[in-house]
Amino acid sequence: MKADFIVDFLGFIAVKSFSIFLWCIPLRPALWMGRRIGDSVYHANLKRRMIAYANLKAAFPEKSSRDLKRINKAHFENLGMNVIELLKLPFMAKDYLRCHVKLENVDSVKSSLEQGKGVIVLTAHFGNWEIASLVASLSGYTMSVFAREQKYERLNNLLNQFRQSTGCKVITKGFSIKDIIKTLNNNGIIAMLSDQDAGANGVFVNFFNRPASTARGIITFGSRTGAKILPSFIWRVGVDKHIARAGDPFKFVNTGDKEKDVKVNLQRITDILEDYIRKFPEQWLWAHKRWKSTPQRNVLVLADGKAGHLNQAIGVAEMVEDALGSRLKARAIEEKPIVKIQAIDIKFKNKFMKMVLSISSVFASRRCQGCLRCLKFCLTKESFEAVKNKYADIIISCGASAVPVNIFLKYENNANNVVIMKPGLGRSRKFNLIVLPHHDCTRTRSNILVTEGAPNRIRVANNEQRATNNGIGLLIGGDAKGFQLNKGWVEKVVDALIKISEEKDLDIFVSTSRRTSPEVDRLLKEKLSDNKRCKLLIIANEKNIDGAVANIFGLSDIVITSPESMSMISEAASSGKHVIVFRERQSARMPKCQTKYEKLVANFEKKGYIKTAKPCEIYDKIKEILETRPEVKRLDDREKVIERLKGLI
C-alpha cells in the first residue's frame, strides 16, 4: 500500500512536470519525442511487443515478418505520439483542432441530434481516440466518454483532467446504466469503445477470422432508447494531422429474434472497425489482449516423417478441445470450443543444417520473434514457406528432429508449446509442457508430465469398453532401431490366428504399417487374402486407410501387436480390449540395460495393461483369454494430459 502511494505520488509529479515541459516545445519536435518514447517502449516492453506481433500475425497471415515488425513498431510510435498530444491538449485545446484535425461528415451528428433521442458515438482504440471528443466540443456539444479507473488515484485524476480539457465529460466505472439512459433521453452524446474483450458476458463475433467477445451494451442502449449510433473514427495522416469522420447512422437489423439480432448487429459494427484497421493497421491498439476469451485455438503439429510420432502429436492436439471446453465452462463461457489443427511436414536441407538448427535453438529467445532467418537457412524451401506465415496458439511436436523448429515457432507466434519425448540437452526450459512416457523419464521438472504410455488418438466410451465382439485384431509393425521383425514370427502368429478363428468362429482384422517389409506383406497376402475369416486386410505400403486401426479396435475382442512400436502398443492398451504383444523371448537383461521398447513392454505387462507371448504360444494365450474372460485393465493417460493442457489455454 505504501509502495503504491509512493509510485502514485512520484508518477503524478513526473507526468505533471513533463506536461509543463511540453508546453515549451513546438508540436513537431514534441511528436518526434513521442515517437522515440514509443520506440523505447517497443524495445523495453517485450511482453506487450510480442502480444502485438502475434495478434498482427493472426490478423494478416499474408504479410511477411518484416511487414509485421514495421507495423508493430509504427503502432508503438503512434501510441507515443498519442500520449504527447494528450499531455499538450490543456495548452492547445481547440486551436489544435482547427489547425491539425480535418472534420468530415459532422452534419451527421447534428441531424442525429435533431431526432431528440441522443447519439452514441461508436469508436475504438484507433488513431488518437483521446482527442476525438474535440470534434464534438468544437461544434458546441458536450460528449460523455467512458474511462476505466486506473490503479493510482492521483495519476487517474490527472489523466481525466487532460481528457476534460477538450470539453468532454468523463464517465467513470461507477456511472450507472440509469444515468447513461438518462443522458441519452436528454439528447446527449455518449462515446463508447467497441473493441475491448468483454469476457463471459460478451457476444462472440468474428474479428479478423477469430471469435472475439464483444460487449452488447452499444446495441442494448441503442435499441432501448432509440439513440442513433454513429460509427466514428479518427486517424492520423502523416505526423501531426488527423482526419475525424463522423459515420452515418447505423441501421439496425430487427427480425424479432432478440439474441440473433444482437449478434448480427454487433458483427456488422465489428466489420466496420475491421475495415478501418485494414486500411491503417498501425493505428489500432494491437498490444491489447482482444482475443483473451476466444473459444478458438489454432494448433500447429510439426511432423518429422514418422507416422508414430505424428500420431502421438495429433493425439495431444485433439485433447486440446477437451481442455479448452473445460476452461470455457470454468469461465462461464457457453461457446463451443473450436480447435483448428494443421500438420506440417518439417524437412531440412541436409543433415548438417539439421544439426545447425538444433544447436541454434539452444540460444533461441523471445527476441527471435519476427526474424525467421535460422529457419529459412536450414529448412527446405517448401517447409519454410509452409510454416513462415502460420499463426498458432499451441505448437506440438514429437521426436528430436522437430524440436528446434518447435522452439523457434513458439517465440515467433508468442505461443505455448508441447513436445513428446525428450527435447535434448539445454532445451527443456524452452517448452511449456514435455510429455514423457514413464520409461523415458529420468528426472522431474515442473513442465514435465510423466505418462504410462505414448499419447494416442484412441477414445473409448464406457459402454464400448465393456462390449464383447467376435473378432481378433492383428497390428504388424516393422523394423526399428535395434529391432528386426522376423518373418517366421509373423507366420507363426498368423497360423495361430487362422486356427483359433476356425475353432471359435472368429473374424480376423489385420493392418500393417509403412515400416512393414515387403516379405511380411507378401506373407500376409498369401495367408489371408482368400481366407474367409479375414474380413479386413490393410497393406499400408499399398493403401493406408485413415481410422482403420480405431475400427479394428472397435471390432475386436482381442488385439495382437508386434513389440517394436511404443505408439502402436499404447494405442492397443488404450483400446479397452485384451492385448497380446508377441516377442520371441523375454529380455534377460538388467532393467538399466534394456531398450526403451523393452522397458515399456515390461512396465505395461507388470501393470496388467498387456500380456506377452512367444509367437508359438499365441494360440494358447488367445484360447486362455476366450475361455477365462479376465477383466481388462485399460491404459488411460488422457485425463492426465488434458489437465495439464488446461494450464496452457
Side-chain angles (χ1 to χ4, degrees), residues 54 57-59 61 204 206 208-211 291 293-328 333 335-347 375 379 382-399 401-403 405-410 412-421 431-435 449 451 454-460 544-551 567 570-571 574 637-649:
K57 184 163 188 173
F204 286 89
N206 188 53
F208 283 101
N209 301 314
R210 287 192 288 172
W291 292 272
S293 301
T294 182
Q296 178 177 311
R297 291 296 184 275
N298 296 322
V299 181
L300 181 61
V301 174
L302 305 179
D304 63 357
K306 298 180 179 179
H309 288 178
L310 177 61
N311 185 63
Q312 293 180 52
I314 291 181
V316 173
E318 290 174 344
M319 296 178 200
V320 171
E321 183 174 346
D322 288 337
L324 177 58
S326 179
R327 294 296 292 172
L328 293 174
I333 296 175
E335 295 289 308
K336 291 183 179 180
I338 303 169
V339 178
K340 296 184 176 182
I341 301 172
Q342 183 168 8
I344 294 179
D345 289 325
I346 300 302
K347 296 180 180 178
L375 293 181
L379 297 180
E382 293 76 14
S383 286
F384 178 71
E385 291 294 326
V387 301
K388 70 175 184 178
N389 289 339
K390 286 290 184 294
Y391 170 77
D393 300 290
I394 301 174
I395 300 167
I396 303 174
S397 65
C398 179
S401 62
V403 163
V405 182
N406 190 325
I407 292 171
F408 280 107
L409 291 179
K410 168 192 176 175
E412 170 68 11
N413 292 277
N414 193 32
N416 289 308
N417 64 342
V418 181
V419 65
I420 304 160
M421 301 187 189
F431 285 90
N432 299 96
L433 178 61
I434 301 171
V435 181
L449 171 65
T451 59
N456 57 77
R457 304 176 65 183
I458 303 302
R459 301 184 70 168
V460 180
N544 207 355
I545 301 175
D546 189 38
V549 172
N551 288 331
S567 178
S570 296
E571 282 184 329
S574 301
D637 288 320
R638 187 179 182 84
E639 290 303 321
K640 191 187 298 185
V641 177
I642 290 173
E643 193 62 34
R644 290 297 294 268
L645 287 174
K646 291 178 187 177
L648 306 186
I649 295 175

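- Residues K57 and E412 have side chains in contact (heavy-atom distance under 4.5 Å, counting atoms from C-beta outward).
- Taking the side chain as every heavy atom from C-beta outward, V387 and I346 approach each other to under 4.5 Å.
- Two residues are said to be in side-chain contact when any heavy atoms from C-beta on lie closer than 4.5 Å; V301 and I341 meet this criterion.
- Side-chain contact, N456 with S574: a donor N or O sits under 3.5 Å from an acceptor N or O.
- Between the side chains of E571 and N311, a donor-acceptor pair is found at a separation under 3.5 Å.
- Summarising the geometry of S293 relative to I333, their closest heavy-atom pair is O-CD1, 3.9 Å, with the distance given to 0.1 Å.
- Taken to the nearest 0.5 Å, the NZ atom of K410 stands 12.0 Å off from the OG atom of S397.
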Where do S383 and K347 land on the side-chain hydrogen bond (donor to acceptor under 3.5 Å, both in side chains) test, with the steps shown first?
CA-CA 6 Å; S383 286; K347 296 180 180 178; over 6 Å; no
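- The two residues A392 and N413 come nearest to each other via the heavy atoms N-OD1, 3.3 Å.
- The shortest side-chain heavy-atom distance between S326 and I642 does not fall under the 4.5 Å cut-off.
- No option in N417, V418, V419 other than N417 meets the side-chain contact (heavy atoms from CB on, under 4.5 Å) test with N432.
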Compile the donor-acceptor pairs under 3.5 Å between side chains in residues 312-324 and protein atoms, sequence neighbours left out, one pair per line.
residue	atom	partner	partner atom	Å
E318	OE1	R457	NE	3.3
E318	OE2	R457	NE	3.0
E318	OE2	R457	NH2	2.7
D322	OD2	R459	NH2	3.2
D322	OD2	R638	NH2	3.1

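- The distance from atom SG of C398 to atom CG of D304, rounded to the nearest 0.5 Å, is 7.0 Å.
- Note that the CD1 atom of I394 and the CG atom of N298 stand 9.5 Å from one another [nearest 0.5 Å].
- Annotation for A415 and I395: closest pair CB-CD1, 4.2 Å, computed over non-hydrogen atoms.
- The residues K646 and E643 are annotated as salt-bridged, a charged nitrogen and a carboxylate oxygen being separated by less than 4.0 angstrom.
- Under the 4.5 Å side-chain criterion, counting only non-hydrogen atoms from C-beta, K340 is not in contact with V299.
- The CD atom of E382 sits 13.0 Å away from the CD1 atom of I344 when rounded to the nearest 0.5 Å.
- Side chain of N389 to main chain of E385: no donor-acceptor pair is present (N/O by atom type, distance under 3.5 Å, no hydrogens or angles).
- For F208 against A59, the heavy-atom pair with the smallest separation is CD2-CB, 3.4 Å.
- What you find for L375 and F384 is that their closest heavy atoms are C-CD1, 3.8 Å.
- Nearest heavy-atom pair, S567 versus A454, reported as atom, atom and distance to 0.1 Å: CA-CB, 4.2 Å.
- Once rounded to the nearest 0.5 Å, the distance linking CG of D637 with CG of L449 reads 7.5 Å.
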Test side-chain hydrogen bond (donor to acceptor under 3.5 Å, both in side chains) applied to D393 and Q296, step by step:
CA-CA 9 Å; D393 300 290; Q296 178 177 311; over 6 Å; no
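- Contact annotation: the side chain of Y391 never approaches that of L300 to less than 4.5 Å [non-hydrogen atoms, C-beta and beyond].
- Using a 4.5 Å cut-off on side-chain heavy atoms (C-beta onward), P295 and P211 make contact.
- The NZ atom of K388 lies 13.5 Å from the CG atom of L409; values are rounded to the nearest 0.5 Å.
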